[in-house]
Chemist: 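What follows is a single structure, and I will ask about it in a moment.
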Amino acid sequence: MKLYCKLALLAIVPVMFLALGYYTKLGPIGSGFSNDPDWYYLLNSLYLSLGFKAQTIEHPGIPLQIIGGAIFWTLKIIKGYSDQKFLEYFIEHSEYFHYFFGNFILLVNTFSIFYFANYFMQQRISLRSVLFAQFFFLVFHICVLYGSRPLPEGLLISLIIWSGVFFDKFIKTASRKNLLFTSIALGSLLNLKLTTISLLLIFNKKNKPKATLLILLFSFAVFLIYFVFVSEARFIDFINHFFSMATHTGNYGDGSIGYPAFSEMLENLYILANEDHLAFYQFLLMVASLFLIFAYTLKWSLQQEKRFIILSSIAILLNFFLTLKQPGIRYLLPSFVLFPFVLVYFLHIEKKKLPKVLLAGFLFIFLNFNFLEYKTYFENLRNFKLELHTFVSEANARFKSYPNCPKFFSVGSPIKEWALISASNSTGSILSRKLEVLVPKSWSLNGHGFLTSFVRNFPESYIDDILKNESCIFLLVRNDNSFFEISIFSSEIKWKKLASALNLTLYVGKLILPKNEIARE
């Protein structure tokens, strides 16, 4: 088969990945305001473009912020805006920044998936094996779902691919250039998401402890460089944060010291399974497949491919146990991205022994758990966004009709003001005063009933003064029973009742309107 025909075949999956990733973003812009933690990184990218340091470093996510900062800085230069003018432009068009930043991540991932297949084809691995492995970037729908969002998991797909490819090159050539590229890619991956530290298991070279040590040392050097030059060397703050998360039973470093009890882990497993049934079943199938692959590798001689498969399987299981401590389906993404590498090595070794019918059956099982629900899954996602946008448009229209009314938003509100307030409070509030002026009379109500603005927290009694002096007040909370409903209250509602309502409704759907609108409603 001619080369251009092979490249065309290798481009099928990336093109489908690009199309599906873009499909998840279809619908009116403005439906991403409730995304967490996208807006924290979006605001940090803005800070970098304006000459400030990165503030959100919990994941740490600094490589993502650098890319966003470079994009925003370039846009600022092209438009010839001053810092203040660009800040105002960002506030006015913030949803577009989120949209196009996500599209850039999607393009990077699309290219990386193509490069993955093209590289292994050049290593004389059969086209059938490469296409089969590459296809799983589509089969695992969370790769598509998170591969187009400006958050660490979005960029994680590409960095795992590049780390794996450069390491494979280093195994074969042992050149200093590939050693350097492997270290840069791996150090960036660790700095993007430190929970990928379990992947360090696979980056070792058989019978070459010195080379393995150099990779680890250079990778951690790259990891530290990000802190020194981008985040005011806040490495100690990050270590304290991560140490608390690793040693305490709570999700975010709270609770007592120790590992969660077995019963709590079972509860977290239940949460994980219910968050995304499809992804959870895929993960169970993937683990079952790894056991079968491991059984095949037992008869191999101890070679680099066998070491990679065994250590990758261990890394995937470690990633799973880390996720059980803080359940979230996107935290399993490193395992899903690593699996195609395992398949490439396995199929390359066993290509002459495995019957085609076995591969066809293997793929059929995954397809039955995936593509039978694929269409419904993404259609529901798009309908969700359309419904969300309808509510946002209605709420914003009401806000503009009464510009002087204070606005209160609960956790997860799909409103620009909430997204900016929440991100500002989580990123050090460098620009809080300027943001507060550009988005006046807006407050955020967190999950504990506390009132926050761009600048500070307020006691519950603060609301009494607002209610006494204002003729109208808007409140948005989310209702559990129906997705969105608009109920009408007068501004005379007392704070205790307001707080009680927030405790009973967990999540955006009640809107307090001025008294003179009650009759019309």
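FYI, the numbering just counts along the sequence from 1.
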Chemist: Looking only at non-hydrogen atoms, find the nearest pair between Thr323 and Gly328 and report the distance.
Modeler: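 Taking every non-hydrogen atom into account, CG2-O, 3.5 Å.
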
Chemist: Tell me the closest heavy-atom pair linking Lys76 and Ser49, and the distance in Å.
Modeler: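 Looking at all heavy atoms of both residues, the closest pair is NZ-O, 3.1 Å.
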
Chemist: Looking at CZ of Phe308 and CZ of Phe346, how far apart are the two atoms once the value is rounded to the nearest 0.5 Å?
Modeler: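 Reported to 0.5 Å precision, the distance equals 14.5 Å.
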
Chemist: Would Leu42 and Trp39 count as a side chain to side chain contact (heavy atoms under 4.5 Å, CB included) here? Give the steps.
Modeler: CA-CA 5 Å; Leu42 202 69; Trp39 284 86; 3.5 Å; yes

Chemist: Side chains of Lys169 and Lys177: closer than 4.5 Å at any heavy-atom pair?
Modeler: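 In short, these two side chains do not touch, never coming nearer than 4.5 Å.
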
Chemist: Parallel, tilted or perpendicular: which one describes the rings of Phe136 and Phe132, with boundaries at 30° and 60°?
Modeler: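 Perpendicular: the ring planes of Phe136 and Phe132 meet at over 60°.
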
Chemist: Quick one: does Lys193's side chain get under 4.5 Å of Tyr331's, heavy atoms only?
Modeler: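 Yes, their side chains come closer than 4.5 Å.
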
Chemist: With distance as the sole criterion, is a donor-acceptor pair present between the side chains of Ser175 and Asn178 under 3.5 Å?
Modeler: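 Yes, Asn178 and Ser175 have a side-chain donor paired with an acceptor closer than 3.5 Å.
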
Chemist: Does the Ser313 side chain pair with the main chain of Leu290, one donor and one acceptor, at a distance under 3.5 Å?
Modeler: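 Checking the backbone N and O of Leu290 against the side chain of Ser313, no donor-acceptor pair under 3.5 Å is found.
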
Chemist: List the steps and the verdict of side chain to side chain contact (heavy atoms under 4.5 Å, CB included) for Met286 and Phe336.
Modeler: CA-CA 8 Å; Met286 181 175 66; Phe336 287 109; 4.3 Å; yes

Chemist: Atom CG in Asn103, atom NE2 in His98: separation rounded to 0.5 Å?
Modeler: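 Nearest 0.5 Å value for the CG-NE2 distance: 10.5 Å.
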
Chemist: Does Thr196 use its side chain to pair, donor to acceptor, with the backbone of Leu199 at less than 3.5 Å?
Modeler: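 Such a contact is absent between Thr196 side chain and Leu199 backbone.
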
Chemist: Are the side chains of Phe320 and Ser335 in contact, using a 4.5 Å heavy-atom criterion?
Modeler: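 A side-chain contact under 4.5 Å is absent here.
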
Chemist: Kindly give the heavy-atom pair with the smallest separation between Val222 and Ser183, and that separation in Å.
Modeler: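 That closest heavy-atom pairing would be CG2-O, 4.0 Å.
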
Chemist: For the pair Asn191 and His59, evaluate side-chain hydrogen bond (donor to acceptor under 3.5 Å, both in side chains) and give the outcome as yes or no after the intermediate values.
Modeler: CA-CA 7 Å; Asn191 199 278; His59 294 96; over 6 Å; no

Chemist: For the backbone of Leu324 and the side chain of Asn268, can you confirm whether one donor and one acceptor N or O come within less than 3.5 Å of each other?
Modeler: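 Checked: pair present.
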
Chemist: So among Leu180, Leu179, Leu213, which one has a side chain to side chain contact (heavy atoms under 4.5 Å, CB included) with Phe218?
Modeler: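 The single option meeting the side chain to side chain contact (heavy atoms under 4.5 Å, CB included) with Phe218 is Leu179.
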
Chemist: Decide yes or no on side-chain hydrogen bond (donor to acceptor under 3.5 Å, both in side chains) for Tyr119 and Asp168, but give the supporting numbers first.
Modeler: CA-CA 10 Å; Tyr119 169 76; Asp168 188 79; 2.5 Å; yes

Chemist: Would you say that Pro334 contacts Thr195 through its side chain, given a criterion of any heavy-atom pair below 4.5 Å between the two side chains?
Modeler: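 Side chain of Pro334 against side chain of Thr195, heavy atoms only: no contact under 4.5 Å found.
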
Chemist: Can you list the steps and then say if Val144 with Phe137 is a side chain to side chain contact (heavy atoms under 4.5 Å, CB included)?
Modeler: CA-CA 8 Å; Val144 178; Phe137 288 110; over 6 Å; no

Chemist: Do you know the tightest heavy-atom contact between Pro150 and Gly102?
Modeler: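 Looking at all heavy atoms of both residues, the shortest contact is CD-CA, 3.9 Å.
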
Chemist: Between Ser158 and Asn109, do the side chains contain a donor N or O and an acceptor N or O under 3.5 Å apart?
Modeler: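 Side chains of Asn109 and Ser158: pair found under 3.5 Å.
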
Chemist: Indicate the atoms forming the closest heavy-atom contact of Leu338 with Ile202, along with that distance.
Modeler: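 Here Leu338 and Ile202 meet closest at CD1-CD1, 3.8 Å.
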
Chemist: OH of Tyr41 to CD1 of Ile62: how many Å apart, nearest 0.5 Å?
Modeler: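 Going from OH on Tyr41 over to CD1 on Ile62, the span is 9.5 Å.
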
Chemist: Calculate, to the nearest 0.5 Å, the distance between atoms CZ and CG belonging to Phe223 and Leu189 respectively.
Modeler: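 The CG atom of Leu189 is 11.0 Å from CZ of Phe223, to the nearest 0.5 Å.
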
Chemist: Which class fits the ring pair Phe116 and Phe341: parallel under 30°, tilted 30 to 60°, perpendicular over 60°?
Modeler: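 Answer is perpendicular, since the angle exceeds 60°.
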
Chemist: How about Phe166 and Ile184: do any of their side-chain heavy atoms sit closer than 4.5 Å?
Modeler: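 A side-chain contact is absent here, since even the closest heavy-atom pair is not under 4.5 Å.
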
Chemist: Would you call the rings of Phe72 and Phe86 parallel, tilted or perpendicular if under 30° counts as parallel and over 60° as perpendicular?
Modeler: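 The rings of Phe72 and Phe86 sit tilted, inter-plane angle from 30° to 60°.
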
Chemist: Hey, does the side chain of His277 reach the backbone of Ala273 with a donor-acceptor pair shorter than 3.5 angstrom?
Modeler: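 Confirmed, His277 side chain pairs with Ala273 backbone.
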
Chemist: Give a yes or no on whether the backbone of Leu10 and the side-chain of Gln134 come within a donor-acceptor separation of less than 3.5 Å.
Modeler: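 Looks like yes, one N/O pair under 3.5 Å.
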
Chemist: Okay, side chain of Glu153, backbone of Ile142: is any donor-acceptor separation there less than 3.5 Å?
Modeler: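 No.
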
Chemist: Is Met121 close to Leu127 at the side-chain level, that is, under 4.5 Å between some pair of heavy atoms?
Modeler: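 Yes. Closest side-chain heavy atoms under 4.5 Å.
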
Chemist: Would you call the rings of Phe203 and Phe167 parallel, tilted or perpendicular if under 30° counts as parallel and over 60° as perpendicular?
Modeler: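 Taking Phe167 first and then Phe203, their aromatic rings stand perpendicular (interplane angle over 60°).
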
Chemist: As an exercise, state the distance from CG of Leu190 to CG of Leu186, rounded to the nearest 0.5 Å.
Modeler: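 Here the rounded value is 4.5 Å.
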
Chemist: Roughly how far, to the nearest 0.5 Å, is the CG atom of Leu284 from the CD atom of Gln282?
Modeler: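 Here the interatomic distance stands at 10.0 Å.
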
Chemist: Are any non-hydrogen side-chain atoms of Leu64 and Phe101 less than 4.5 angstrom apart?
Modeler: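 When only atoms from C-beta onward are counted, Phe101 and Leu64 do touch, with a gap below 4.5 Å.
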
Chemist: Between Cys143 and Phe17, is any pair of side-chain heavy atoms under 4.5 Å apart?
Modeler: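 Answer yes - side chains close enough.
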
Chemist: Determine, step by step, whether Leu200 and Ile215 satisfy the side chain to side chain contact (heavy atoms under 4.5 Å, CB included) criterion, reporting the C-alpha distance in whole Å, the side-chain angles of both residues, the deciding distance to 0.1 Å, and the verdict.
Modeler: CA-CA 10 Å; Leu200 287 179; Ile215 288 177; over 6 Å; no

Chemist: Would Ser188 and Tyr226 count as a side-chain hydrogen bond (donor to acceptor under 3.5 Å, both in side chains) here? Give the steps.
Modeler: CA-CA 8 Å; Ser188 299; Tyr226 280 107; 2.6 Å; yes

Chemist: Of the non-hydrogen atoms in Pro14 and Thr110, which two are nearest, and what is the gap between them?
Modeler: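 So the two residues come closest at O-CG2, 3.4 Å.
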
Chemist: Where the side chain of Asn319 meets the backbone of Ala315, is there a donor-acceptor pair that is under 3.5 Å apart?
Modeler: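 No, Asn319 side chain to Ala315 backbone: no donor-acceptor pair under 3.5 Å.
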
Chemist: Answer yes or no: is there a donor N or O on one side and an acceptor on the other, between the side chain of Ser163 and the main chain of Leu159, under 3.5 Å?
Modeler: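 Here the side-chain-to-backbone pair exists.
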
